[in-house]
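Both backbone and side-chain heavy atoms feed into the values below; hydrogens, waters and symmetry mates do not. The structure presented is a predicted model; accordingly, all values stated were derived computationally and were not measured.
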Amino acid sequence: MSTPMIHLAVVDDHILFRKGLSALISGFPNMEVLFEAGDGQEALERLDQGLVPDVVLMDLQMPVLDGLQTVRLLRVQYPQVRTIIISMHDEPELIDSLRAEGAHGYLLKNASPEEVHRAILSVLGQDTPASRIISARF
């Protein structure tokens, strides 16, 4: 029996970071990037077109529609989608407020590939001791 594919979206206004994160995720087993977007509005438009990922990895600070505003909209319009905010800010109050608004996870932009992998599995309820061992081998 094969493991189902996890579909993701990467939303960040910095093209190089977005492309790099997408390439990293594409190297993880059973994970596929459905789409990339430069801001929350573009991401919501893609979801409205029927491209609904399991997980959205999203920058906090973006033009047009930022990460916090997008999390609020996703929570209402697409409650099945899990969101992980990615930011350079490490303030506990910010992280707590993002979780209170509906974000399912939080990563710093200097996270290791293993931490990214684990965070994705974790928000989907798939972070088992075995997945931690497997992700540590990358």
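- No side-chain donor from either of E45 and Q49 sits under 3.5 Å from a side-chain acceptor of the other.
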Open item on the list: The test is side chain to side chain contact (heavy atoms under 4.5 Å, CB included); show your working for M31 and L121 and say whether it passes.
Closed with: CA-CA 10 Å; M31 293 190 191; L121 295 176; 3.9 Å; yes
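- With respect to V71, the side chain to side chain contact (heavy atoms under 4.5 Å, CB included) criterion is satisfied by exactly one of L98, I85, D66, V81: I85.
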TODO: Walk me through it: do L47 and L74 pass the test side chain to side chain contact (heavy atoms under 4.5 Å, CB included)?
DONE: CA-CA 10 Å; L47 272 84; L74 285 170; 3.8 Å; yes
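- The distance from atom CG of L94 to atom CG of L68, rounded to the nearest 0.5 Å, is 8.5 Å.
- A donor-acceptor contact shorter than 3.5 Å is absent between the side chain of H104 and the backbone of I84.
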Could you go through residues 50-63 and list every donor-acceptor pair under 3.5 Å that involves a side-chain atom there, pairing it with any protein atom two or more places apart or in another chain?
| residue | atom | partner | partner atom | Å |
| --- | --- | --- | --- | --- |
| D54 | OD2 | H7 | N | 2.7 |
| Q61 | OE1 | H89 | NE2 | 3.2 |

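- The side chain to side chain contact (heavy atoms under 4.5 Å, CB included) search around A43 returns V11, F35, A37, not counting sequence neighbours.
- Between D12 and L21, the closest side-chain pair of non-hydrogen atoms is not below 4.5 Å.
- Looking at residues two or more places apart in sequence or on another chain, you find a side chain to side chain contact (heavy atoms under 4.5 Å, CB included) between S112 and E114, E115.
- Every side chain to side chain contact (heavy atoms under 4.5 Å, CB included) that L108 has, sequence neighbours left out, goes to D90, Y106, N110.
- Residues forming a side-chain hydrogen bond (donor to acceptor under 3.5 Å, both in side chains) with R18 (at least two apart in sequence, or on another chain): E36.
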Open item on the list: Between F28 and I6, does the side chain to side chain contact (heavy atoms under 4.5 Å, CB included) criterion hold? Intermediate values first, please.
Closed with: CA-CA 10 Å; F28 293 153; I6 298 170; over 6 Å; no
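- Legend: residues meeting side-chain hydrogen bond (donor to acceptor under 3.5 Å, both in side chains) with D96, ordered by chain and number and at least two apart, are absent.
- Between L24 and P113, the shortest heavy-atom contact is CD1-CB, 3.7 Å.
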